[in-house]
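Residue numbers start from 1 in every chain, and the chains themselves are labelled A, B, ... in the order their sequence lines are given, proteins ahead of strands.
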There are 2 protein chains.
Amino acid sequence: MAMSEKFKDKKVIMIGTVCELTGLSARKIRYYEERGLLFPGRSSAGNRKYSFSDIEALMEIANQLEDGTKTNEIKKELKRKNM
Amino acid sequence: MAMSEKFKDKKVIMIGTVCELTGLSARKIRYYEERGLLFPGRSSAGNRKYSFSDIEALMEIANQLEDGTKTNEIKKELKRKNM
DNA sequence: CGTGTAAGGAATTCTGACACG
DNA sequence: CGTGTAAGGAATTCTGACACG
């Protein structure tokens with residue numbers, strides 16, 4: 001598992017599809033990005049593109065928010081993991 | 001490998017993205033569908049949704065067409081495989 | 001047969017903002 | 001703080017058709 005054609009990490013899914021897959025509103029998804037919790041790609045026209053990994057992350061973020069965790073704390077957690 | 005969350009087979013990619021990934025025109029991609037060579041899903045609004053598997057199939061189809069194979073023949077081949 | 005294109009409409013996405021709290 | 005919504009614009013996708021061959 002190094003560099004390759006990992007379908008799971010390819011950013012190719014548009015926000016509308018992500019909404020269907022996660023049950024989250026586009027507003028929420030964009031807000032989590034604004035808060036630095038995920039980093040979708042962009043099409044040439046500026047449209048967001050997500051990967052299946054992003055979708056999994058979104059589900060996790062939604063769960064944590066339901067538990068009362070602040071976006072700020074979720075972000076700190078993320079930093080810890082990526083070290 | 002039975003029923004599960006196979007990212008590779010999830011139909012979530014819109015045609016514009018497929019064009020970028022394959023280098024094929026939307027016209028070609030829709031035509032191959034019309035000829036029965038692949039079966040994308042559809043969003044609620046009627047927009048085509050492709051999987052990574054569909055994209056791989058498209059690359060293969062494009063190669064065969066370049067070699068002079070007719071869509072009709074490619075379709076027959078497909079039938080043979082799916083038996 | 002395989003593919004380009006102009007045509008018109010419908011649906012999507014984008015951003016910045018006001019709202020509530 | 002997290003999220004809904006109306007606002008206006010820009011880009012996407014869809015279908016059926018004419019074109020060439």
Side-chain angles (χ1 to χ4, degrees), chain A residues 10-79, chain B residues 10-79:
Chain A
K10 283 220 140 196
K11 293 178 185 293
V12 296
I13 312 172
M14 304 214 68
I15 201 165
T17 305
V18 176
C19 289
E20 292 171 0
L21 263 34
T22 61
L24 300 173
S25 67
R27 179 68 165 95
K28 286 182 178 179
I29 297 173
R30 295 198 190 100
Y31 180 64
Y32 303 155
E33 175 188 355
E34 184 185 318
R35 301 294 296 141
L37 306 185
L38 73 162
F39 308 90
R42 291 276 181 163
S43 73
S44 49
N47 289 26
R48 271 165 268 250
K49 299 277 205 66
Y50 301 84
S51 65
F52 286 111
S53 295
D54 288 329
I55 289 179
E56 290 186 344
L58 279 168
M59 309 279 258
E60 177 59 25
I61 291 170
N63 282 332
Q64 294 195 265
L65 283 173
E66 277 185 63
D67 296 345
T69 310
K70 302 294 183 184
T71 55
N72 192 35
E73 305 176 296
I74 299 177
K75 187 174 180 181
K76 284 180 188 170
E77 245 181 82
L78 237 64
K79 281 190 182 175
Chain B
K10 284 222 137 195
K11 290 177 186 295
V12 297
I13 312 174
M14 304 213 68
I15 202 165
T17 306
V18 176
C19 290
E20 293 172 2
L21 262 34
T22 62
L24 300 172
S25 67
R27 179 67 166 96
K28 287 183 177 179
I29 297 174
R30 294 195 191 102
Y31 180 64
Y32 303 156
E33 175 188 355
E34 185 185 316
R35 302 293 297 139
L37 306 185
L38 74 162
F39 309 91
R42 289 276 182 164
S43 72
S44 49
N47 288 28
R48 272 164 268 250
K49 299 274 205 70
Y50 302 83
S51 66
F52 286 109
S53 294
D54 289 328
I55 288 179
E56 290 187 344
L58 280 168
M59 309 277 261
E60 177 58 24
I61 291 170
N63 280 332
Q64 295 196 261
L65 285 173
E66 276 184 65
D67 295 348
T69 309
K70 301 293 182 187
T71 56
N72 193 35
E73 305 177 296
I74 298 177
K75 187 175 180 179
K76 284 179 187 170
E77 244 181 81
L78 237 63
K79 281 189 179 174

Expressed in angstrom and rounded to an integer, what is the separation of [X] atom [atom1] from [N] atom [atom2]?
X: A:Ile61; N: D:dG2; atom1: CD1; atom2: C1'; answer: 13 Å
X: A:Leu24; N: D:dG2; atom1: CG; atom2: P; answer: 14 Å
X: A:Leu58; N: D:dG2; atom1: CG; atom2: C1'; answer: 15 Å
X: A:Glu33; N: D:dT3; atom1: CD; atom2: P; answer: 15 Å
X: A:Tyr32; N: D:dG2; atom1: OH; atom2: P; answer: 8 Å

For Watson-Crick and G-U wobble pairs within 3.5 Å on both distances, what is DNA chain C written in dot-bracket notation, | included for inter-strand pairing? .||||.||.|.|.||.||||.
Just call it for B:Ser43: base, sugar-phosphate, or nothing, with non-hydrogen atoms closer than 4.0 Å on any strand.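 No contact.
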Residues in side chain to side chain contact (heavy atoms under 4.5 Å, CB included) with B:Asn63, at least two apart?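 Scan of B:Asn63 (side chain to side chain contact (heavy atoms under 4.5 Å, CB included), adjacent residues dropped) gives B:Glu60, B:Glu66.
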From C-beta outward on B:Tyr31, which listed nucleotide comes closest to its side chain: C:dG2, D:dG2, D:dT3?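 Minimum distance to the B:Tyr31 side chain belongs to C:dG2.
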Kindly list each side-chain donor-acceptor pair under 3.5 angstrom involving residues 13-31 of chain A, sequence neighbours excluded, with atom names and distances?
residue : atom : partner : partner atom : Å
A:Thr22 : OG1  : A:Val18 : O            : 2.7
A:Thr22 : OG1  : A:Leu24 : N            : 3.1
A:Ser25 : OG   : A:Lys28 : N            : 3.2

Could you run down the sub-3.5 Å N/O contacts of the protein with nucleotides 13-15 of chain D?
residue : atom : partner : partner atom : Å
D:dT13  : OP1  : B:Gly16 : N            : 2.5
D:dC14  : OP1  : B:Arg48 : N            : 2.8
D:dC14  : OP1  : B:Arg48 : NE           : 2.8
D:dC14  : OP2  : B:Arg30 : NE           : 2.9
D:dC14  : OP2  : B:Arg30 : NH2          : 2.7
D:dT15  : OP1  : B:Arg42 : NH1          : 3.1
D:dT15  : OP1  : B:Arg42 : NH2          : 3.1
D:dT15  : OP2  : B:Arg48 : NH2          : 2.2

Taking ring-ring contact (aromatic ring centres under 6.0 Å, His included) as the definition, give me every residue that meets it alongside B:Phe52, ordered by chain and number, with sequence neighbours left out.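 For B:Phe52, the residues satisfying ring-ring contact (aromatic ring centres under 6.0 Å, His included) (neighbours in sequence not counted) are A:Phe7.
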Selection residues 44-55 of chain A - residue pairs positive for side chain to side chain donor-acceptor pair (under 3.5 Å), sequence neighbours left out: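 For residues 44-55 of chain A: A:Asp9-A:Ser53, A:Lys11-A:Asp54, A:Glu33-A:Arg48, A:Ser51-A:Asp54.
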Apply salt bridge (Lys or Arg N to Asp or Glu O under 4.0 Å) to A:Glu77 and list each qualifying residue two or more places apart in sequence or on a separate chain.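 For A:Glu77, no residue satisfies salt bridge (Lys or Arg N to Asp or Glu O under 4.0 Å) once neighbours in sequence are set aside.
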Would you tabulate the pairs of protein nitrogen or oxygen atoms and nucleotide nitrogen or oxygen atoms of nucleotides 16-18 of chain C closer than 3.5 angstrom?
none

Which residues within residues 62-75 of chain B lie with some heavy atom under 4.0 Å of an atom in DNA chain C?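 Residues of residues 62-75 of chain B under 4.0 Å from DNA chain C: B:Lys70, B:Thr71.
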